[in-house]
Amino acid sequence: MCRIFSAQTADRYAYQTRSIRLGGHATSIRLEAAFWDILEEIALLQGVTLGRFLSKLHDEVLEFQEETMNFTSLLRCACLTYLSDVRGQEEDCERVRRDAVQAFHTAAE
């Protein structure tokens, strides 16, 4: 088996539970540390706090789908999408930044 997978330190895949507010309600989300790191990176790219990013993402999911079936799974898939489609692609990173400025500026008004 490939050591890049099996030799990871346990703290990378250990669960972390964080309390956040989504739609005005306090909740907890439990994800592996590696996913929290990626979500923090995405929020930083967009120039907002992690809490604000997660809240906005949750609101947008509700707009598109009217409910969030499994928000934790959506977050994991968002991380995978970011890693495969955005990170390292300067043009895509810039588009994410522009979209975030518009989305978060509009939300503040």
Item to complete: Hey, could you give me each pair passing ring pair (Phe, Tyr, Trp, His ring centres under 6.0 Å) that has a residue in residues 8-38? Not counting sequence neighbours.
Response: none

Practice prompt. Find the distance between CG (Leu83) and CD1 (Ile38) and round it off to the nearest 0.5 Å.
Written response: 4.0 Å

Item to complete: Output all residues satisfying ring pair (Phe, Tyr, Trp, His ring centres under 6.0 Å) with Phe71, sequence neighbours left out; order by chain, then residue number.
Response: His58

Item to complete: Please check if Leu74 and Leu62 belong to a single hydrophobic cluster, counting links between Ile, Leu, Val, Met, Phe, Trp and Tyr side chain heavy atoms closer than 4.5 Å.
Response: no

Discussion item. Once salt bridge (charged side-chain N to carboxylate O under 4.0 Å, His left out) is applied, what residue pairs with a partner in residues 79-88 remain, sequence neighbours excluded?
Written reply: Glu41-Arg87

Worksheet item: Taking only residues two or more places apart in sequence or in another chain, which ones pass side-chain contact (heavy atoms from CB on, under 4.5 Å) with Thr49?
Response: Arg52

Worksheet item: Where do Thr81 and Val86 land on the side-chain contact (heavy atoms from CB on, under 4.5 Å) test, with the steps shown first?
Response: CA-CA 7 Å; Thr81 299; Val86 178; 5.6 Å; no

Discussion item. When you measure from the side chain of Ser84 to the backbone of Leu80, do you find a donor-acceptor pair of N or O atoms at a distance under 3.5 Å?
Written reply: yes

Worksheet item: Looking at residues at least two apart in the chain, or sitting in another chain, which of them share a side-chain hydrogen bond (donor to acceptor under 3.5 Å, both in side chains) with Thr27?
Response: none

Fill in: Between CD1 on residue Ile29 and CD1 on residue Ile20, distance to nearest 0.5 Å
3.0 Å

Discussion item. The criterion is salt bridge (charged side-chain N to carboxylate O under 4.0 Å, His left out); which residues satisfy it with Glu60, sequence neighbours excluded?
Written reply: none

Worksheet item: So which pairs with a foot in residues 10-31 pass salt bridge (charged side-chain N to carboxylate O under 4.0 Å, His left out), sequence neighbours left out?
Response: Arg18-Glu40

Item to complete: Mind checking the CG-CG spacing from Leu57 to Leu50? Nearest 0.5 Å is all I need.
Response: 10.5 Å

Worksheet item: Considering residues at least two apart in sequence or located in another chain, which fulfil the side-chain hydrogen bond (donor to acceptor under 3.5 Å, both in side chains) criterion with Gln89?
Response: none

Discussion item. So which atom in Phe53 and which in Phe104 form the shortest heavy-atom distance, rounded to 0.1 Å?
Written reply: CA-CZ, 4.1 Å

Practice prompt. Please list, chain by chain and in numerical order, all residues satisfying side-chain contact (heavy atoms from CB on, under 4.5 Å) with Ser28, sequence neighbours excluded.
Written response: Thr17, Ser19

